[in-house]
2 protein chains.
Amino acid sequence: MSTRKRKGRYHHGNLRRALIDEALKTIRKTGVSGLTLRGAGAALGVSRTALYRHFADKDALLAAVAREGFIALKASLDAARRSALELADQLTEMGAAYVRFAIESPSHYRVMFGGFLDRCKDEPDLIADAGAAFQALVDAILDLQRARLVRQDDARQLSRFVWAAVHGIAMLAIDGQLGPDPDAGLALYRDSAPRIRAGLV
Amino acid sequence: MSTRKRKGRYHHGNLRRALIDEALKTIRKTGVSGLTLRGAGAALGVSRTALYRHFADKDALLAAVAREGFIALKASLDAARRSALELADQLTEMGAAYVRFAIESPSHYRVMFGGFLDRCKDEPDLIADAGAAFQALVDAILDLQRARLVRQDDARQLSRFVWAAVHGIAMLAIDGQLGPDPDAGLALYRDSAPRIRAGLV
DNA sequence: ACCTGAACACCGTTCAAGT
DNA sequence: ACCTGAACACCGTTCAAGT
């Protein structure tokens, strides 16, 4: 069963979902700049303006794409946390998962953080999903604080420090600033993880 | 003496320079998305295609804008280093200058790091200017290592760690991820500076 | 309710022609 | 050498009209 409209069918079925998936696919393939509403419509066998029944404009579609990203990122972080053998390793594993997420989906990551979205505009769902991903980090740090493995500073501020560090590594990596080696980002993270930890104890 | 073409004059004078300045101005005012070649030409009283005598395409203009950014960033870092009263404070001051640069010129900063430029394309001058800014950090760390204030790890890797941390703070700040408070970025840096330092000693 | 087609006001870029 | 004007192949978005 394809996401493409069956010819002659009047309604598409789930155009909203199909548009998000199509956007994700072309973003992965060609970057954000390659995404056009006309192209997305054509790929789904739908008129160029059908999209406006489900999204206010292109930014709203991008916001939906970004939301998917934050949900997937949170899932990666949660999985990494569960996979850690010891409590002390949880945060290190989460950081690695974070950097890996960005390197595996650089264009998607850029939609989430590249300034395409105007966060002043009322997108409460997007802010909530981004907040939930951040909260995964805060929760892990609170656990470490309870076990006396991390100092008792404000957990949210500690989380922001860790977030900034891994976000910086991820951004420099997908921007090519660390050189052409595709593993440069993870290599830098491996070197940086103990340094980040040093800032927490 | 305006940068705008005097009417009737056949040549502009220094169109290349004027185009970069015009681009910087509109980017500061409206963001990168507000920059159009047609608009820039019109603002300078020049045809829409005059630009192609000085730049291969829009990306080449953006690359020139990014170069200016890296040169200005290096100047800020050097000034911060000189302004530090003690050797031990140099790096902290440089980090603050870095975050301040991004917060004061968010759109310009995004041209430098936002993935608009394809670093695989041959822009050796851009890579050189970005490298020079990074080298300012490496030099400061080498000095600290000589004074035994920083551990004797590979200086470039240490520099990348510091760079990623301040870059992450800067990016989150200008992306609005730290909340609406415009001072959130510098506040996070003040909290993070000693944590970053902990990773170096 | 959902979709279409034509239209509007934009883009970046090319190219023959002008000075 | 440097610039222009018209043209080309695109955009996002609006809107009256169709089912």
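The sequence lines fix the lettering, A, B, ..., with proteins before strands; numbering per chain opens at 1. Any value given below was found using the heavy atoms of this structure, including those in side chains, with hydrogens, waters and symmetry copies removed.
Take the nearest nucleotide of DNA chain D for Gly39(A) and for Arg53(B): the residue whose nucleotide is more 5' is Arg53(B). Looking at which nucleotide of DNA chain C each of Thr36(B) and His54(A) is closest to, the 5′-most match is held by His54(A).
When both distances must be under 3.5 Å, the Watson-Crick or G-U wobble mate of dG18(C) is dC2(D). dT13(D) is paired with dA7(C) under the criterion used here, namely a Watson-Crick or G-U wobble arrangement in which both key atom distances are under 3.5 Å.
Between Lys58(B) atom NZ and dC11(D) atom P there is a gap of 15 Å when expressed in whole angstrom units. Look at CG on Leu61(A): it is 14 Å from C1' on dT13(D), rounded to the nearest Å. The distance from atom CG of Asp59(A) to atom C1' of dG12(D) is 11 Å, rounded to the nearest whole Å. For the pair Arg48(B) CZ and dC15(C) P, the interatomic distance rounds to 17 Å; values are reported in whole Å. Between the C1' atom of dC11(C) and the CG atom of Leu62(B) lies a distance of 14 Å, rounded to the nearest Å. Rounded to whole Å, atom P of dC10(C) lies 18 Å from atom CG of Leu37(A). To the nearest angstrom, P of dC2(D) lies 11 Å from CG of Asn14(B). As a whole-Å value, the separation of Phe55(B) CZ from dC3(D) P is 12 Å.
Salt bridge Asp143(B)/Arg146(B): present, at least one basic N to carboxylate O contact under 4.0 Å. Between Lys74(B) and Asp78(B) there is a salt bridge, since at least one side-chain N of the basic residue sits less than 4.0 Å from a carboxylate O of the acidic one. Between Arg197(B) and Asp89(B), no side-chain nitrogen of the basic residue sits less than 4.0 Å from a carboxylate oxygen of the acidic one, so the salt-bridge criterion is not met.
Leu51(B) comes within contact range of no nucleotide atom at all, as no heavy-atom separation falls under 4.0 Å. At a threshold of 4.0 angstrom between heavy atoms, the contacts of Thr49(A) include nucleobase atoms, whether or not backbone atoms are also involved.
Taking the side chain as every heavy atom from C-beta outward, Arg110(B) and Ile174(B) approach each other to under 4.5 Å.
Here the straight-line distance linking atom CG of Leu61(A) with atom NE2 of His54(A) works out to 12.0 Å at 0.5 Å rounding.
Tyr52(B) has no side-chain polar atom (N or O) that falls below the 4.0 Å cut-off from OP1 or OP2 of dT14(C).
The base of dG12(D) sits with one of its N or O atoms less than 3.5 Å from a complementary donor or acceptor on the side chain of Arg38(A).
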